[in-house]
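Input: a single structure, listed below in structure tokens.
Counting starts at 1 for both ligands and their atoms, in listed order. Not measured: the values here are computed from a predicted model.
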Amino acid sequence: MPVLPILKYPDSRLHTIARAVTRFDGELNSLVRDLARTMYHASGIGLAATQVDVHRRVLVVDVSESRDQLMVIVNPVLVEGVGESELDEGCLSVPGIYERVSRFDQVVIRAQDANGDSRDIAAGGLLSVCLQHEMDHLEGRVFVEYLSRLKQTRIAAKLGKQSRRPR
Ligand code: GNR
Ligand code: NI
């Protein structure tokens, strides 16, 4: 049950679109355990499979202070998003960078759990923002892509290699 290495921006693998989970088997359970362990080890509030170079639609979140409210989310779909929230976001794949991003304030997400059972999750506040941030990862989107091109270029330069050319 290892702690997995987290891909760091800019890395083109972070732009991979994840595929749906179809088998709710031991392999999925093992991925979920590794994601949770890696998220807690890195003190993150969420982690998408994309960030550990597994391109499946799986993510974990835990926004609790006590770090004991793990949510496992498989094949999430945004059903509803309302209002606007502007929070400073960080990302384990973009270490040391914190920037304001505009998101929905309240969301309803339809998703499956690790057993394949479907449910709707209504979220607001930090959980809502975190879910939107993680679902972006599954689509190959990193939060810095919402920032100005100038900021993106500066962040890419600060974090190392320029593997992505500014457009
Ligand atoms: O740990 C994390 N904190 C955070 C703070 C504000 C908005 C989103 C996040 S998610 C981030 C962990 C991460 O990179 N998940 O993909
Ligand atoms: Ni992230």
Side-chain angles (χ1 to χ4, degrees), residues 2-21 28 31-78 81-109 111 113-114 121-148 151-152 154-156 158-161 163-164:
V3 169
L4 303 172
I6 297 175
L7 298 179
K8 297 299 190 307
Y9 179 91
D11 184 315
S12 60
R13 292 170 290 180
L14 285 169
H15 306 299
T16 310
I17 298 177
R19 294 159 61 198
V21 170
L28 175 64
L31 171 61
V32 164
R33 277 194 302 273
D34 290 350
L35 284 173
R37 190 170 156 85
T38 304
M39 174 185 73
Y40 287 124
H41 182 262
S43 303
I45 59 170
L47 189 69
T50 307
Q51 293 176 276
V52 298
D53 203 23
V54 175
H55 303 288
R56 290 286 170 182
R57 304 189 83 82
V58 184
L59 59 92
V60 293
V61 298
D62 186 344
V63 297
S64 72
E65 294 275 332
S66 47
R67 313 293 289 149
D68 60 358
Q69 302 290 314
L70 180 69
M71 295 175 66
V72 175
I73 294 181
V74 179
N75 297 332
V77 177
L78 180 72
V82 296
E84 196 192 348
S85 164
E86 289 209 315
L87 286 185
D88 276 353
E89 296 195 15
C91 181
L92 295 171
S93 295
V94 194
I97 306 290
Y98 303 90
E99 294 283 351
R100 190 141 303 182
V101 176
S102 174
R103 303 277 191 185
F104 292 123
D105 180 44
Q106 310 271 338
V107 294
V108 177
I109 306 294
D113 63 19
I121 300 156
L126 186 59
L127 178 59
S128 164
V129 167
C130 186
L131 287 168
Q132 292 170 77
H133 174 117
E134 304 313 336
M135 288 171 69
D136 269 356
H137 278 302
L138 302 183
E139 290 300 315
R141 275 194 301 270
V142 180
F143 83 102
V144 299
E145 290 170 58
Y146 294 113
L147 308 177
S148 69
K151 278 189 176 176
Q152 289 183 50
R154 283 180 179 163
I155 291 167
K158 185 172 173 182
L159 294 184
K161 47 188 198 307
S163 62
R164 274 181 92 229

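Glu86 contributes no side-chain N or O that, together with a main-chain N or O of Arg100, makes up a donor-acceptor pair within less than 3.5 Å. Within the 3.5 Å criterion, the main-chain N or O of Val142 finds a donor-acceptor partner in the side chain of Glu145. A donor-acceptor contact shorter than 3.5 Å is absent between the side chain of Ser85 and the backbone of Arg103. A donor-acceptor pair under 3.5 Å links the side-chain atoms of Thr38 to the main chain of Leu4, judged by distance alone. Asp62 places a side-chain N or O within donor-acceptor distance of the main-chain N or O of Asp68, the cut-off being under 3.5 Å. Within the 3.5 Å criterion, the main-chain N or O of Ala20 finds a donor-acceptor partner in the side chain of Arg56.
Of all protein heavy atoms, the one closest to atom 11 (C) of ligand 1 is Gly90 O, 3.6 Å. Among protein heavy atoms, atom 1 (O) of ligand 1 sits closest to Ile45 N, 3.0 Å. Given atom 12 (C) of ligand 1, the protein heavy atom at minimum distance is Gly46 O, 3.2 Å.
Between Asp136 atom CG and Leu14 atom CG the span is 12.0 Å, to the nearest 0.5 Å. With rounding to the nearest 0.5 angstrom, the CZ atom of Arg33 is 12.0 Å from the CG atom of Leu70. In this structure, Gln51 CD and Leu35 CG are separated by 9.0 Å, a value rounded to the nearest 0.5 Å.
Within ligand 1, the atoms closer than 4.0 Å to a non-hydrogen atom of Asp88 are 6 (C), numbered from 1 in the order shown. Annotation for ligand 1: atoms under 4.0 Å from non-hydrogen atoms of Cys91 are 14 (O). Distances below 4.0 Å separate heavy atoms of Gly44 from the following atoms of ligand 1: 1 (O).
No other N/O/S atom of His133 lies as close to the Ni ion (ligand 2) as NE2 does. Of all the N, O or S atoms in His137, the one closest to the Ni ion (ligand 2) is NE2.
In Val94, neither the side chain nor the backbone holds a heavy atom less than 4.0 Å from any atom of ligand 1. If you look at His133 next to ligand 1, the close heavy atoms, those under 4.0 Å, all belong to the side chain. Looking at His137 against ligand 1, only its side chain comes within 4.0 Å, counting heavy atoms.
With atom 10 (S) of ligand 1 as the reference point, the heavy atom nearest to it among Glu134, Gln51, Glu89 is part of Glu134.
In this structure, Val101 falls outside the shell of residues with a heavy atom less than 4.0 angstrom from ligand 1. Every heavy atom of Leu87 sits 4.0 Å or more from the atoms of ligand 1.
At least one N or O atom of Leu92, backbone or side chain, sits closer than 3.5 Å to an N or O atom of ligand 1.
Residues Arg57 and Glu139 are paired through a salt bridge, judged by an N-O separation under 4.0 Å between the basic side chain and the carboxylate.
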